[in-house]
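Have a look at the structure below before the remarks.
Hydrogens, waters and symmetry mates are skipped; everything else that's a heavy atom, side chains included, is used.
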Amino acid sequence: QVELVESGGGSVQAGGSLTLSCTPSLYGFYPHSEYVGWFRQAPGKEREGVAAIYTDRGTPYYADSVKGRFTISQDTAKSTVYLQMNILKPEDTAMYYCAAVLRDGRWYQPAGWEHWGQGTQVTVSS
């Protein structure tokens with residue numbers, strides 16, 4: 001069974017911070033040597049890649065819009081991937097989704113990912 005559980009969303013004022021957590025479980029195991037990513041989707045907009053990490057080496061990848069503000073990391077002992085979001089802006093408001101296992105395409109392209117969480121809402125007010 002595949003399960004991705006997200007948490008940490010909420011409401012914050014511009015300039016504030018939030019940390020999202022994703023606990024991916026692929027048939028009871030943390031997805032080693034796989035990509036785990038964070039995407040977001042605002043109302044009326046397409047889902048877009050925010051950040052990803054290759055769990056084997058911890059190599060991070062970021063969208064230009066969040067570089068320098070967001071940090072993706074993992075704690076393999078807790079089987080958890082984090083997205084630390086700082087200096088939040090109103091345009092960061094969206095539903096944030098965790099994804100696991102990139103089968104095809106670039107990390108920032110949603111179509112190539114196999115597994116998705118249910119999402120957690122982030123709202124940033126000005």
Side-chain angles (χ1 to χ4, degrees):
Q1 185 175 356
V2 176
E3 192 175 40
L4 283 73
V5 180
E6 302 121 324
S7 63
S11 297
V12 65
Q13 288 194 328
S17 299
L18 282 174
T19 300
L20 306 183
S21 300
C22 172
T23 305
S25 175
L26 275 57
Y27 309 102
F29 296 94
Y30 182 72
H32 294 285
S33 301
E34 295 284 2
Y35 288 87
V36 177
W38 285 97
F39 286 74
R40 65 187 181 187
Q41 188 166 18
K45 295 189 176 182
E46 294 186 351
R47 191 169 295 190
E48 62 174 357
V50 175
I53 189 167
Y54 183 57
T55 59
D56 188 30
R57 301 170 185 169
T59 307
Y61 303 86
Y62 297 100
D64 287 343
S65 59
V66 305
K67 277 181 182 176
R69 300 190 298 123
F70 290 12
T71 302
I72 190 169
S73 63
Q74 63 178 346
D75 184 337
T76 55
K78 295 183 178 179
S79 299
T80 301
V81 173
Y82 301 97
L83 184 67
Q84 173 69 44
M85 305 185 294
N86 298 325
I87 317 175
L88 282 161
K89 304 175 181 180
E91 51 264 42
D92 294 318
T93 295
M95 185 71 78
Y96 282 70
Y97 297 91
C98 179
V101 185
L102 178 64
R103 282 287 180 244
D104 189 29
R106 304 285 187 177
W107 71 265
Y108 49 83
Q109 297 171 320
W113 292 78
E114 276 203 359
H115 308 293
W116 294 88
Q118 295 298 309
T120 184
Q121 178 68 38
V122 172
T123 303
V124 185
S125 58
S126 57

So, the side chain of [X] versus the backbone of [Y]: is there a donor-acceptor pair under 3.5 Å, distance only?
{"X": "T55", "Y": "E34", "answer": "yes"}
{"X": "Q118", "Y": "E6", "answer": "no"}
{"X": "R69", "Y": "I87", "answer": "yes"}

Check your understanding: Linking I/L/V/M/F/W/Y whenever any side-chain heavy atoms sit under 4.5 Å apart, do W107 and Y54 land together?
Key -> yes
Review point. Are L102 and L26 connected, step by step, through hydrophobic side chains (Ile, Leu, Val, Met, Phe, Trp, Tyr) whose heavy atoms are closer than 4.5 Å?
Key: no
Are [X] and [Y] packed together at the side-chain level, in the sense that at least one heavy-atom pair is separated by less than 4.5 angstrom?
{"X": "Y30", "Y": "P24", "result": "yes"}
{"X": "T93", "Y": "Q121", "result": "yes"}
{"X": "Y108", "Y": "Y61", "result": "no"}

Review point. In a check of side chain to side chain contact (heavy atoms under 4.5 Å, CB included) between V81 and each of D75, L4, L20, V36, which one passes?
Key: V36
Exercise for review: Start with the C-alpha distance between V2 and Y27, add both sets of side-chain angles, then the distance that settles side-chain contact (heavy atoms from CB on, under 4.5 Å), and finish with yes or no.
Suggested key: CA-CA 6 Å; V2 176; Y27 309 102; 3.7 Å; yes
Which value, rounded to the nearest 0.5 Å, describes the distance between [X] atom [atom1] and [Y] atom [atom2]?
{"X": "C22", "Y": "Q74", "atom1": "SG", "atom2": "CD", "answer": "11.5 Å"}
{"X": "S126", "Y": "E91", "atom1": "OG", "atom2": "CD", "answer": "10.0 Å"}
{"X": "T123", "Y": "M95", "atom1": "OG1", "atom2": "CE", "answer": "8.5 Å"}
{"X": "Y62", "Y": "T71", "atom1": "OH", "atom2": "OG1", "answer": "4.5 Å"}

**Study point:** Residue Q13 excluded, over 12 heavy atoms near CD under 6.0 Å
**Key:** no
Check your understanding: side chain to side chain contact (heavy atoms under 4.5 Å, CB included) with F70: which residues, sequence neighbours excluded?
Key ->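 Partners of F70 under the side chain to side chain contact (heavy atoms under 4.5 Å, CB included) test: R40, V50, V66, L83, M85, L88, D92, Y96.
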Heavy-atom closest pair, residues [X] and [Y]:
{"X": "I72", "Y": "P60", "value": "CG2-CB, 3.7 Å"}
{"X": "R106", "Y": "Q109", "value": "N-OE1, 2.8 Å"}
{"X": "S21", "Y": "T80", "value": "CB-CG2, 4.0 Å"}
{"X": "A42", "Y": "A94", "value": "N-CB, 3.8 Å"}

Check your understanding: Can you list the residues that meet the ring pair (Phe, Tyr, Trp, His ring centres under 6.0 Å) rule with Y97, with sequence neighbours excluded?
Key ->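 Checked Y97 against ring pair (Phe, Tyr, Trp, His ring centres under 6.0 Å); zero matches.
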Check your understanding: Are a donor atom and an acceptor atom from the side chains of Q84 and T19 found within less than 3.5 Å of each other?
Key ->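 Checked: Q84/T19 side chains pair up, N/O donor to acceptor below 3.5 Å.
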Practice item. Give the C-alpha distance, both sets of side-chain angles, the deciding distance and a yes or no for side-chain contact (heavy atoms from CB on, under 4.5 Å) between W38 and C98. Key: CA-CA 5 Å; W38 285 97; C98 179; 4.1 Å; yes
Review point. Is the NZ or CZ atom of R47 positioned over W113's six-membered ring, under 6.0 angstrom from the centre and within 45° of the axis?
Key: no
